[in-house]
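Quick caveat, the model's predicted, so the values are computed rather than measured. Any value given below was found using the heavy atoms of this structure, including those in side chains, with hydrogens, waters and symmetry copies removed. Just so you know, ligand 1 is whichever comes first in the structure, and atom 1 is the first atom listed for that ligand.
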Amino acid sequence: MSLPPFANEPVLELRRAPVRAGLADALREHDARGPLEVPVWVGADKRSGDALVSTDPGTPDRVVATSAAATEADVDAALAGATGAARAWGNRPAGERADVLRRAAAALRERRLELAALEVRECAKPWPEADADVCEAIDFLEYYARGALELAEGAELLQVPGERNTMAWRPRGVCAVISPWNFPVAIPCGMAAAALGTGNTVVLKPAEQAPGCAFALVRALREAGVPPDALALLPGEGEVGAKLVRDPRVHTIAFTGSSAVGLEIVRAAAETPDGQPHLKRVIAEMGGKNCVIVDADADLDEVVPALVKSAFLYAGQKCSAASRVLCHAAIHDGLVERLAGAVSVLEVGQAEFLDVDVPPVIEREAAERVARYTEQAEGTGRIAARARDVPAEGWFATPAVATELPAGSPVLEEEIFGPLLAVERVRDVEEACDRVDASPFGLTGGLFARNPDTVDRVVERTPVGNLYVNRAVTGAMVARQPFGGNRRSGTGTKAGGPAYLLQFVEPQVVCENTMRHGLVV
Ligand SMILES: NC(=O)c1ccc[n+]([C@@H]2O[C@H](COP(=O)([O-])OP(=O)(O)OC[C@H]3O[C@@H](n4cnc5c(N)ncnc54)[C@H](O)[C@@H]3O)[C@@H](O)[C@H]2O)c1
């Protein structure tokens, strides 16, 4: 079976008036439908409830979805179903599973406006990012469908007379997928598609902030042909994820979220309780503290808009978002002044409006966290600029630029996950590299420099998983920029890249002596 070469799903052309009108219609239809009912969905059983209430971060009175929360019995039933279904799903020809993924991609494509509208409401994702998220989900399905087909062909080994050597990749078994809210369709979709495409069964525990988006995804996958027992949906808080992680029936844990939770998962998964004959594998994509180095020869006309985009789009809530700028002393003051000008005029408002630059953050706790760090920055350093006219209703955080912070400040060392950007003065690029190297994180990084030798030096020294040179540090595309962090930012796998699927399979080599003596009768 061969498929046409992979190509990224094109994003919407939002400059066209009819496209924008289509978005407005989709949002109206979304609102008219009222809150989504999200079930715990195990096999054919659906159980509704309202243990989780998902609201619009910009208008917290607006309920987007009410969701049941999985109980211990649900976790047990989902794992029993997934264990029972593993052999049959794993034995299906790879081509059939690839077809299922591609049908799911087609379903998402068909419903892309509806899905993007759901993201706008449930996660306050602005239209361009919501649309890009749906496109990325489609890309994951299409890309991993092709990757799984390739894997199914096995590897070429050296053959000598008298023996036949084969190498194949087998599914590992049950995969617990635990996802965050900030890419509410693409990230659970990517992890689930990789697991399913390679023949594993999946139990999905989505973020408690985005059960509606996860339900839409699971529905698309089930309608596309994933058998009911091969994919369960277990909405709930973190403890549902923790139960999955500890259960001996789970073989693989695909997690994306904060470093604190990721580390806890890595520790818990290392246990080998009675009744667990295998070692669990953890695929973890975690948080970061992403630094952008700006050398003295950088073009500030490029640097300033790229930094604003990197730090403030989606209110700084992308794992790849810029958080620290390490700027050469020669241009530090000029950069701060220009950044301050740009940040002070950022439009802060509801995600549904296309002229808004910075939407609200996901929840009250996030807004309070950003305010705390900003206060700390003001107390120990200086706030060079703040955005004005921040709405009072809704979970808004004020975009700001902080400078003159002391070494070791938590504002410089901890992931804030909000619209606060710190700028530091460095003597030269070497000192900037030293500071990057001192961080336990290694997700994304950026460099603005015109000298090719400087670029080479930074590429050689950087510990980050994804380095962007002379451009914004967000917006990785499937197959173009496989994405994932090093150090405490991740286990080093790259989502949307050629090696990702290998995490979900086990290699098996068979060596057969082909010299037959005598005749079997
Ligand atoms: N590296 C990447 O590719 C990437 C991508 C997106 C987000 N992130 C990171 O995710 C974080 C934001 O997402 P979040 O707030 O949803 O993260 P989070 O760690 O709070 O939650 C992620 C998921 O883990 C679950 N969880 C919480 N406690 C758990 C436990 N003890 N055991 C098992 N599961 C548990 C949550 O319910 C949720 O489903 C940021 O740190 C961001 O950098 C990383």
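Shown in contact with Ile178 at under 4.0 Å from a heavy atom are these atoms of ligand 1, numbered in order with element: 23 (C), 24 (O), 25 (C), 34 (N), 39 (O). Residue Phe255 approaches ligand 1 through these ligand atoms, each under 4.0 Å from one of its heavy atoms: 19 (O), 22 (C), 23 (C), 24 (O). Interface of Ile187 with ligand 1, defined as ligand atoms under 4.0 Å from a residue heavy atom, comprises 5 (C), 6 (C). Here is the list of ligand 1 atoms found below 4.0 Å of a heavy atom in Val261: 19 (O), 26 (N), 27 (C), 28 (N), 29 (C), 30 (C), 34 (N), 35 (C). Distances below 4.0 Å separate heavy atoms of Lys205 from the following atoms of ligand 1: 36 (C), 37 (O), 38 (C), 39 (O).
Annotation: atom 6 (C) of ligand 1 to nearest protein heavy atom, Asn182 OD1, 3.3 Å. Among protein heavy atoms, the minimum distance from atom 17 (O) of ligand 1 is reached at Ser258 N, 3.4 Å. Looking only at protein heavy atoms, the nearest one to atom 27 (C) of ligand 1 is Gly238 CA, 3.5 Å. Nearest protein heavy-atom neighbour of atom 9 (C) of ligand 1: Gly257 O, 3.2 Å. Closest to atom 23 (C) of ligand 1, if we only count protein heavy atoms, is Ser179 O, 3.4 Å. Protein heavy atom in closest approach to atom 1 (N) of ligand 1: Met286 O, 2.7 Å. Looking only at protein heavy atoms, the nearest one to atom 16 (O) of ligand 1 is Trp181 CD1, 3.1 Å. In this structure, the protein non-hydrogen atom closest to atom 12 (C) of ligand 1 is Phe417 CE2, 3.6 Å.
Note that CZ of Phe504 and SG of Cys175 are 5.0 Å apart. Values are rounded to the nearest 0.5 Å. Atom CZ of Arg488 and atom OG of Ser259 lie 8.5 Å apart (nearest 0.5 Å). Rounded to the nearest 0.5 Å, atoms CD1 (Ile265) and CZ (Phe255) are 4.5 Å apart.
Using cut-offs of 30° and 60° for the angle between ring planes, the His251 and His278 rings count as parallel. By the 30° and 60° cut-offs, the orientation of the rings of Tyr144 relative to Tyr500 is parallel.
Contacts between Lys318 and ligand 1, counted as non-hydrogen atom pairs separated by less than 4.0 Å, are absent for every part of the residue. Within the 4.0 Å heavy-atom criterion, neither part of Ala268 lies near ligand 1. Contacts of Leu443 with ligand 1, taken as heavy-atom pairs under 4.0 Å, involve the side chain alone. Contact annotation for Glu415 and ligand 1: only side-chain heavy atoms (C-beta onward) come within less than 4.0 Å of the ligand.
Partners of Arg386 according to the salt bridge (charged side-chain N to carboxylate O under 4.0 Å, His left out) rule, which considers only residues two or more places apart in sequence or in another chain, are Glu378. Residues passing the side-chain contact (heavy atoms from CB on, under 4.5 Å) test with Cys291 are Arg324, Leu326, Val436, sequence neighbours excluded.
No more than 12 heavy atoms of other residues, nucleotides or ligands sit less than 6.0 Å from atom CZ of Arg364. Within 6.0 Å of CD in Glu368 there are more than 12 heavy atoms belonging to other residues, nucleotides or ligands. Heavy-atom contacts from other residues, nucleotides or ligands closer than 6.0 Å to CD of Glu413 number more than 12.
For atom 8 (N) of ligand 1, the choice among Ser489, Cys319, Gly287 with the nearest heavy atom turns out to be Cys319.
Shown here, atom 21 (O) of ligand 1 is out of close reach of the protein: none of its heavy atoms lies under 4.0 Å off.
Side chain to side chain, Thr55 and Glu363 fail the donor-acceptor criterion of an N or O pair below 3.5 Å. A donor-acceptor pair shorter than 3.5 Å cannot be found between the side chains of Tyr468 and Gln481.
Considering backbone and side-chain atoms alike, Glu208 places an N or O below 3.5 Å from some N or O of ligand 1. Residue-to-ligand polar distances place Glu264 within reach of ligand 1: an N/O pair is separated by less than 3.5 Å.
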Checklist entry - Stepwise, does the side chain to side chain donor-acceptor pair (under 3.5 Å) test hold for Thr493 with Glu285? => result CA-CA 8 Å; Thr493 56; Glu285 309 287 345; 2.9 Å; yes

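Using a 4.0 Å cutoff on heavy atoms, Pro206 counts as a contact of ligand 1.
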